[in-house]
**Student:** 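Let me give you the structure first, and then I'll get to my questions.
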Amino acid sequence: SDIALNLAKHDNLPLFIYHQGLDESHRRELQLIQDLRPALENGDIFLVYQPKVSLAAGNCQHAEALIRWQHAELGFVPPDEFIRLAEHSGNISMVSRWVVRTALAQAGVWWQRGIRMRVAVNLSIHDLSEPTFMRELADTLREHPEAAQYLSFEVTESMVMSDAEQVIKALQQLRDMGFSLAIDDFGTGHSSLAYLKRLPVDELKIDKAFVQNVNNDAKDAMIVSAAIQLGHAMNMKITAEGVETAEGVTALKQLGCDVVQGYYFSRPIRAADFEQWLEKPIQVA
Ligand code: C2E
Ligand code: MG
Ligand code: MG
Ligand code: MG
């Protein structure tokens, strides 16, 4: 399918360029797959944290962990690219285990210092169908019962729809372990309302595509408003992602949104910078 994608991108070029393009992107993919494990060990891969701001309280008690790869030769590699590669090459559980471990360690450091931050970790669809991953989480929890307070998980709406029964079962297991759960990128994943009703989650994150123009596009505002009411009716907290302006914050507050996240408050940043960010007052209206 990757090959088909590459060909489709270049389908107006002569044949020899197909092959060149293919070789080059193939080389990059192979290199990234090879370098994944060393990068997790040597610090080229690291986590950054983005604040999730409560509109009612005007404070931040949650942060989303986002993975970054600064490759020695290739420079910045976007997470969308290498997460997909890790999934396709059978390496995603290695990555997810590392993310959980690193986020948990960071949260532990914060809580020890009196910073009661819950860190949200993004999961891949493969994690949920991987018995080893789920069992290790249960083991971690037995060793560190506080982990359920320190971490939460985000799964995308399209993950849910790719295999709803299986995903709902896995989410229920995570819920039973005590983790709080969010549906990510809501509005882009074609979920049916029948499934939404059955999802054991605490939080809906409205995709940034609808949030970005919420203050100046009446249709986006209607969609966001409907999503907020739908989520609230199901006892979910609503988070808007991709909030970039003060006007956006005001509009979301008026629509009844609970939590906001985006460049307006902070880009995803290193833990030390995140701590400094926490020192400053937060502007929510
Ligand atoms: P996501 O979980 O929906 O994360 C939100 C993305 O939006 C992040 O991109 C974040 O940097 C970006 N973002 C945040 N605020 C703003 C804003 O105000 N404006 C705009 N334009 N963008 C904003 P990023 O870090 O490139 O991550 C992309 C996706 O990669 C994530 O989407 C998530 O699905 C995946 N990902 C990231 N880290 C991990 C991870 O540790 N594990 C897994 N499995 N997936 C991850
Ligand atoms: Mg997320
Ligand atoms: Mg998202
Ligand atoms: Mg996303």
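This chain uses plain numbering: 1 for the first residue, then up along the sequence. For ligands, and for the atoms within them, numbers begin at 1 and follow the listed sequence.
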**Student:** Taking atom types as modelled, find out whether Trp111 and Gln149 have a side-chain donor-acceptor pair closer than 3.5 angstrom.
**Tutor:** no
**Student:** With heavy atoms of Glu241 as the reference, note each atom of ligand 1 found under 4.0 Å away.
**Tutor:** 3 (O)
**Student:** Would Asp184 and Glu64 count as a side-chain contact (heavy atoms from CB on, under 4.5 Å) here? Give the steps.
**Tutor:** CA-CA 11 Å; Asp184 206 350; Glu64 180 173 5; 4.3 Å; yes
**Student:** If you measure from each non-hydrogen atom of Arg68 to ligand 1, which part falls under 4.0 Å: side chain, backbone, both or neither?
**Tutor:** side chain
**Student:** Which of the numbered atoms in ligand 1 are under 4.0 angstrom from any heavy atom belonging to Glu64?
**Tutor:** 2 (O), 4 (O)
**Student:** Any N/O of Asn122 closer than 3.5 Å to an N/O of ligand 1?
**Tutor:** yes
**Student:** Can you list the steps and then say if Arg198 with Glu165 is a salt bridge (charged side-chain N to carboxylate O under 4.0 Å, His left out)?
**Tutor:** CA-CA 10 Å; Arg198 293 179 43 211; Glu165 293 304 333; 3.1 Å; yes
**Student:** Under 4.0 Å from a heavy atom of Gln50: which atoms of ligand 1 are those, numbered in the order shown and with their elements?
**Tutor:** 14 (C), 15 (N)
**Student:** Are Asp185 and Lys208 ion-paired here, with the side-chain N under 4.0 Å from a carboxylate O?
**Tutor:** no
**Student:** Do any N/O/S atoms of Thr156 come under 2.8 Å of the Mg ion (ligand 2)?
**Tutor:** no
**Student:** When you measure from the side chain of Glu203 to the backbone of Ile238, do you find a donor-acceptor pair of N or O atoms at a distance under 3.5 Å?
**Tutor:** no
**Student:** At less than 2.8 Å, would any N/O/S atom of Glu241, backbone or side chain, sit next to the Mg ion (ligand 3)?
**Tutor:** yes
**Student:** Check for me whether Pro78 has a heavy atom closer than 4.0 Å to any atom of ligand 1.
**Tutor:** no
**Student:** Enumerate the atoms of ligand 1 whose separation from the nearest heavy atom of Pro268 is less than 4.0 angstrom.
**Tutor:** 11 (O)
**Student:** I want to know whether Phe265 and Trp277 have ring centres closer than 6.0 Å.
**Tutor:** no
**Student:** Identify, by atom number and element, the atoms of ligand 1 in contact range of Val99, meaning under 4.0 Å from any of its heavy atoms.
**Tutor:** 41 (O)
**Student:** Using 2.8 Å as a strict upper limit, say whether an N, O or S atom of Asp185 approaches the Mg ion (ligand 3) that closely.
**Tutor:** yes
**Student:** Need the atom name: nearest N/O/S atom of Glu64 to the Mg ion (ligand 2).
**Tutor:** OE2
**Student:** Could you tell me whether Met222 atom CE has more than 12 heavy atoms of other residues or ligands within 6.0 Å of it?
**Tutor:** no
**Student:** Nearest N/O/S atom of Glu154 with respect to the Mg ion (ligand 2), by atom name, please.
**Tutor:** OE1
**Student:** Could you list the atoms of ligand 1 found under 4.0 angstrom from a heavy atom of Asp185?
**Tutor:** 3 (O)
**Student:** Select one of side chain, backbone, both or neither to describe which atoms of Ile67 lie under 4.0 Å from any atom of ligand 1, heavy atoms only.
**Tutor:** both
**Student:** Among Glu244, Glu154, Gln261, Arg84, which residue places a heavy atom closest to atom 20 (C) of ligand 1?
**Tutor:** Glu244
**Student:** Under 4.0 Å between a side-chain nitrogen and a carboxylate oxygen: does that hold for Arg270 and Asp273?
**Tutor:** no
**Student:** Quick check on side chain to side chain donor-acceptor pair (under 3.5 Å): which of His62, Lys52, Lys205 does Gln261 satisfy it with?
**Tutor:** Lys205
**Student:** For atom CD of Gln172, is the number of surrounding heavy atoms from other residues, nucleotides or ligands below 6.0 Å larger than 12?
**Tutor:** yes
**Student:** What atoms of ligand 1 come closer than 4.0 angstrom to any heavy atom of Asp184?
**Tutor:** 1 (P), 2 (O), 3 (O)
**Student:** Indicate, with yes or no, if the rings of Phe76 and Trp69 have centres closer together than 6.0 Å.
**Tutor:** no
**Student:** Can you list the atoms of ligand 1 that are under 4.0 Å from a heavy atom of Gln212?
**Tutor:** 19 (N), 20 (C), 21 (N)
**Student:** Do the side chains of Leu128 and Leu174 get nearer than 4.5 Å, heavy atoms only?
**Tutor:** yes
**Student:** Please name the atom of Asp184, limited to N, O or S, that comes nearest to the Mg ion (ligand 3).
**Tutor:** OD1
